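Written below as structure tokens is the structure these notes are about.
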Amino acid sequence: MEYKSTLKEIEERFDQDVARFSNLDTGQQTTLDALFNMELITDGIVAVYPELNHVLDIGCGAGNYPVKLAQKMSDFDCTLVDLSQPMLEKAQERVQEVITGQVQILKGDFRTAELKENHYDVIIATAVLHHLRDDQDWEHAFKKLYSLLKEGGSIWIFDLVIHDHDAIQKLIYDNYYGRYLTGLKDGTYRDHVFAYIEHEDTPRSLTYQLDLLKK
């Protein structure tokens, strides 16, 4: 069986990268269209929930999405969950500065964290679900997320995916994404990112995730 990083190893990697993730411009720089999607998701949340009460950000990193959301509306409570304590502390500091509601932080895995059921208007899950592993793990995670939403609540996902067709996977991942990473720095950086994705992550396709959401 192929070895994948443990949660502890993932935690340790993110502990070392707080500064980059604390910047709206660089926090998600290894993902395509990161800034556009941050704007799109937060604009969407504002449009759907003009009176937003409770936001949960799982795998929050340094809190970029709630910080961006607060530029558009700031009167909401926010719960932040992450494996990395340094990330959480930075996220708490940044988010509390820009919202008028309460900020709660929880260190650990969102799948086992003690979170309120039927409570959240919005769950933000950006660049986190690809860390899940087998089918049972994915299904358990989506069940947990569903149980946390209040009636009318929704989950907003931006993530690394794979493609069901091998040719499309190669086109998007190897060609487009590979060129993007090379353009950020160089080919060595591209290979570094590809290596830790292979070592850490188990992404699923969009259709796979949509089927789980429907279920």
Side-chain angles (χ1 to χ4, degrees), residues 2-7 9-46 57-72 80 82-84 86-88 90-91 93-95 98 124-133 138 155-210:
E2 182 183 4
Y3 172 76
K4 291 285 187 178
S5 298
T6 65
L7 289 181
E9 289 170 330
I10 295 172
E11 174 187 338
E12 290 171 351
R13 182 170 76 82
F14 282 104
D15 281 352
Q16 305 303 315
D17 213 5
V18 175
R20 177 169 69 86
F21 279 93
S22 300
N23 185 315
L24 290 176
D25 292 324
T26 63
Q28 285 79 28
Q29 70 176 2
T30 57
T31 55
L32 287 163
D33 297 324
L35 294 178
F36 171 76
N37 280 283
M38 192 183 300
E39 291 285 358
L40 182 62
I41 285 176
T42 51
D43 280 346
I45 291 170
V46 172
D57 188 351
I58 60 169
C60 65
N64 282 338
Y65 272 76
V67 168
K68 175 59 71 173
L69 181 60
Q71 294 177 359
K72 301 162 185 183
L80 304 167
D82 202 89
L83 294 174
S84 168
M87 285 286 191
L88 275 174
K90 176 56 71 173
E93 173 190 327
R94 296 175 71 221
V95 176
V98 293
I124 298 172
T126 58
V128 61
L129 297 180
H130 63 269
H131 292 307
L132 298 171
R133 295 293 182 243
W138 276 85
I155 180 168
W156 300 72
I157 300 170
F158 174 50
D159 215 323
L160 174 69
V161 298
I162 59 171
H163 298 272
D164 294 318
H165 196 291
D166 289 343
I168 298 299
Q169 174 67 11
K170 183 174 178 59
L171 174 66
I172 298 297
Y173 188 79
D174 295 343
N175 296 347
Y176 282 96
Y177 188 39
R179 285 202 300 268
Y180 169 76
L181 292 173
T182 302
L184 282 179
K185 291 186 180 179
D186 51 34
T188 300
Y189 180 70
R190 175 202 60 209
D191 295 342
H192 168 71
V193 173
F194 279 175
Y196 76 64
I197 288 174
E198 180 67 25
H199 189 52
E200 283 188 5
D201 306 330
T202 317
R204 292 290 194 271
S205 70
L206 176 61
T207 52
Y208 178 95
Q209 294 183 58
L210 287 173

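Everything quoted here is computed from the prediction, not taken from an experiment.
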What's the shortest heavy-atom distance between [X] and [Y], and which atoms?
X	Y	result
Ile172	His163	CG2-NE2, 3.7 Å
Pro66	Val95	CB-CG2, 3.8 Å
Lys72	Val46	CB-CG2, 3.8 Å
Ala91	Gly61	CB-O, 3.5 Å
Ala62	Lys90	CB-CG, 4.1 Å
Tyr189	Leu181	CD2-O, 3.6 Å

Item checked: With His131, the side-chain hydrogen bond (donor to acceptor under 3.5 Å, both in side chains) member among Asp159, Thr202, Asp201 -> Asp201
Margin query: Side chains of Lys68 and Thr42: any donor to acceptor distance under 3.5 Å?
Written below: no
Next item on the list: Check the pair Tyr177, Val193 against side-chain contact (heavy atoms from CB on, under 4.5 Å), reporting the backbone distance first and the verdict last.
Entry: CA-CA 10 Å; Tyr177 188 39; Val193 173; 3.9 Å; yes
Any chance you could measure [X], atom [atom1], to [Y], atom [atom2], to the nearest 0.5 Å?
X	Y	atom1	atom2	answer
Ile157	Ile124	CD1	CD1	12.0 Å
Leu171	Gln169	CG	CD	10.0 Å
Tyr173	Leu160	OH	CG	6.5 Å

Identify, with sequence neighbours excluded, every residue that meets side chain to side chain contact (heavy atoms under 4.5 Å, CB included) alongside [X].
X	result
Ser205	Ile162, Asp164, Thr207, Tyr208
Asp33	Phe36, Asn37
Lys170	Asp174

Notebook entry, point to check: Judged by atom type as modelled, is there a donor-acceptor pair below 3.5 Å linking the side chain of Asp57 to the main-chain atoms of Leu80?
Noted result: no
Next item on the list: Please answer whether the main-chain N or O of Leu88 pairs with a side-chain N or O of Asp82 as donor and acceptor at a distance below 3.5 Å.
Entry: no
Checklist line | For Arg204, salt bridge (Lys or Arg N to Asp or Glu O under 4.0 Å) partners two or more places apart | finding: Asp135
Given side chains that start at C-beta, do those of [X] and [Y] come closer than 4.5 Å, heavy atoms only?
X	Y	result
Leu69	Tyr65	no
Leu129	Gln209	yes
Asn64	Arg94	yes

Check: What pairs with His192 under ring pair (Phe, Tyr, Trp, His ring centres under 6.0 Å), at least two apart in sequence or on another chain?
Finding: Tyr196
Item checked: Set of residues satisfying ring pair (Phe, Tyr, Trp, His ring centres under 6.0 Å) with respect to Tyr176, sequence neighbours excluded -> none
